[in-house]
Amino acid sequence: MLTVLPRTNGNFQFYFNAESNRNYTAEYCSDLITTNWIVLTNILALPGPTNVIVSEALLTDSNRFYRVRTP
């Protein structure tokens with residue numbers, strides 16, 4: 001589950017609970033009709049479960065949809 005955080009310094013932020021010893025990829029796209037997801041960041045495996053915060057500068061001219069996946 002992704003949890004949206006308040007805007008900070010012009011950035012959109014969300015967090016998710018990462019399990020230990022798993023890699024994650026945060027991705028975004030501009031509409032849900034397309035399957036063209038773009039990698040925002042990769043999160044390497046962490047030694048223990050933790051909340052990971054993902055941040056991106058706010059854009060005023062487009063919508064963004066986000067997802068986090070693990071291989």
Side-chain angles (χ1 to χ4, degrees):
M1 177 170 61
L2 305 181
T3 303
V4 177
L5 295 169
R7 289 185 299 192
T8 303
N9 298 324
N11 290 320
F12 170 78
Q13 298 181 101
F14 65 87
Y15 76 89
F16 68 97
N17 188 284
E19 297 177 13
S20 61
N21 301 314
R22 296 189 78 161
N23 295 325
Y24 293 90
T25 301
E27 301 174 324
Y28 69 89
C29 69
S30 58
D31 66 70
L32 295 177
I33 296 171
T34 182
T35 58
N36 187 24
W37 289 87
I38 299 166
V39 173
L40 176 61
T41 190
N42 291 302
I43 298 101
L44 299 177
L46 300 165
T50 189
N51 287 333
V52 173
I53 296 174
V54 178
S55 180
E56 181 182 36
L58 282 172
L59 302 174
T60 58
D61 61 341
S62 67
N63 290 321
R64 289 276 173 103
F65 299 92
Y66 297 88
R67 72 179 182 185
V68 175
R69 62 184 186 85
T70 185

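Because the structure is predicted, anything quoted here is derived from the model rather than measured.
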Quick one: pull up [atom1] in [X] and [atom2] in [Y] and give me the separation to the nearest 0.5 Å.
{"X": "Ile53", "Y": "Thr8", "atom1": "CD1", "atom2": "OG1", "value": "8.5 Å"}
{"X": "Ile38", "Y": "Arg64", "atom1": "CD1", "atom2": "CZ", "value": "7.0 Å"}
{"X": "Ile43", "Y": "Thr70", "atom1": "CD1", "atom2": "OG1", "value": "9.5 Å"}

Compare every heavy atom of Gln13 with every heavy atom of Pro6, then report the nearest pair and how far apart it is. O-NE2, 3.5 Å
Looking only at heavy atoms, which two atoms of Pro49 and Ser20 are closest? And how far apart? N-CB, 3.9 Å
Test side chain to side chain contact (heavy atoms under 4.5 Å, CB included) on Glu27 and Val39 and set out the steps. CA-CA 4 Å; Glu27 301 174 324; Val39 173; 4.2 Å; yes
Applying ring-ring contact (aromatic ring centres under 6.0 Å, His included) as the test, list every pair that has at least one member in residues 4-25; sequence neighbours left out. Phe12-Tyr66, Phe14-Tyr66, Phe16-Tyr24
Enclosure of Ile33 CD1 (heavy-atom neighbours >12, cutoff 6.0 Å): no
Please determine whether the number of non-hydrogen atoms from other residues, nucleotides or ligands lying under 6.0 Å from atom CZ of Arg7 exceeds 12. no
Counting only N and O atoms by type, is there a donor-acceptor contact under 3.5 Å from the side chain of Asn23 to the main-chain atoms of Leu44? no
Treat each ILVMFWY residue as a node, draw an edge where side-chain heavy atoms are under 4.5 Å apart, and state whether Leu58 and Phe65 are in one component. no
Heavy-atom side-chain contact between Val52 and Leu46 under 4.5 Å: yes
Run the side-chain hydrogen bond (donor to acceptor under 3.5 Å, both in side chains) test against Asn51 and tell me which residues pass, sequence neighbours left out. Asn17
